[in-house]
Amino acid sequence: MKRLGVNIDHIATVRNARGENHPDPYHAALQVVKMGADSVTIHLREDRRHINDLDAKKICKLKKVLVNLEISMNDKIIKNALKIKPNYICIVPENRKEVTTEGGLNLVKNKKKLSKIIERFKKVKIRTSLFINPTLKDIKLSKELNVDCVEIHTGKISNLVKLKKKFHNELDRIKKCSIFAKKLNIEVHAGHGLDYKTTKILSKVKEIEEFNIGHFIIGESIFIGLSSVIKKFKKIIKN
Ligand code: PXP
């Protein structure tokens, strides 16, 4: 059964627009799970543009919520993550000026550093994932890094589908990578830029076990409500 992780960063974006306390991401974390999400994803960015330290600390303390914390390779952030103990970690590239995570990690350049980081999280039994581009080379490197999961960056296929362009080559790449990863005993996740249509397309890739979706869920909830959006996604990924 495929799982749905709901990224609630943009609840914090809306809150921060007013500099007050509403809407509260802590409350959102509890609510999305009640509404059917399997886990909650938060990204504690180095620039703290949405989720802040207190949000992350409080959300990671929730007993009934499985929390997937996205972090960069920044040492201070890693130390903090080890302190607040999320259930899961996803390591992502981070660049100060980007609007959102624009691509997967550079595994070749960061192999040594990543190996040490993964080891630290493995020691405390936190499931760890690497956010990667769909290439067989990166799957092979992920195996060498002994990581539990990979999250495949789905930004490219999402853009192609939204622009009504040919997306089958990219879908093929994602399929091949998912099959290869599964064969190597790496759990496969997918995320970035997903909406109903792209999630439906990718839900046919049976090796993908988890989808992490944020911006579209929060945006669409303005029109039909968070609970209805989550239910729609759960139905899509079940098929
Ligand atoms: N997965 C990862 C690793 C991400 O960095 C992001 C964006 O923060 C997402 C999933 C969610 O992307 P989106 O908000 O476009 O659904």
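Because the structure is a prediction, the values reported are computed rather than measured. FYI, the numbering just counts along the sequence from 1. Both ligands and their constituent atoms are indexed starting at 1 by order of listing.
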Close aromatic pair by centroid cut-off 6.0 Å: H153 and F131
yes
Can you see whether S129 engages E151 through a side-chain donor-acceptor pair at a distance of less than 3.5 angstrom?
no
Which of the numbered atoms in ligand 1 are below 4.0 angstrom from a heavy atom of G193?
12 (O), 13 (P), 15 (O), 16 (O)
For I213, counting its heavy atoms only, list the atoms of ligand 1 lying under 4.0 Å from any of them.
16 (O)
With hydrophobic residues grouped by side-chain heavy-atom distances under 4.5 Å, do V188 and M1 end up in a single group?
no
Identify, with sequence neighbours excluded, every residue that meets salt bridge (Lys or Arg N to Asp or Glu O under 4.0 Å) alongside E207.
none
Mark the output for F131 as yes if a heavy-atom distance to ligand 1 is under 4.0 Å, and as no if none is.
yes
Out of R45, H50, E70, H10, whose heavy atom sits nearest atom 6 (C) of ligand 1?
E70
Check R173 with E170, please: is the shortest side-chain N to carboxylate O separation under 4.0 Å?
yes
Taking only heavy atoms of V92 into account, list the atoms of ligand 1 that are under 4.0 Å away from them.
3 (C)
Counting each atom of ligand 1 from 1 as listed, which ones have a heavy atom of N7 under 4.0 Å away?
8 (O)
Name the closest protein heavy atom to atom 16 (O) of ligand 1, giving the residue it belongs to and the distance to 0.1 Å.
G214 N, 2.8 Å
Which residue and non-hydrogen atom of the protein lie closest to atom 1 (N) of ligand 1, and at what distance in Å?
E151 OE2, 2.5 Å
For atom 14 (O) of ligand 1, which protein heavy atom lies nearest, and how many Å away is it?
H215 N, 2.8 Å
Should side-chain heavy atoms under 4.5 Å link Ile, Leu, Val, Met, Phe, Trp and Tyr, which residues sit in the same cluster as L66?
Y88
Quick one: do K176 and D172 make a salt bridge, cutoff under 4.0 Å?
yes
Considering non-hydrogen atoms of the protein only, which is the closest contact for atom 12 (O) of ligand 1, and what is the distance?
H192 CA, 3.5 Å
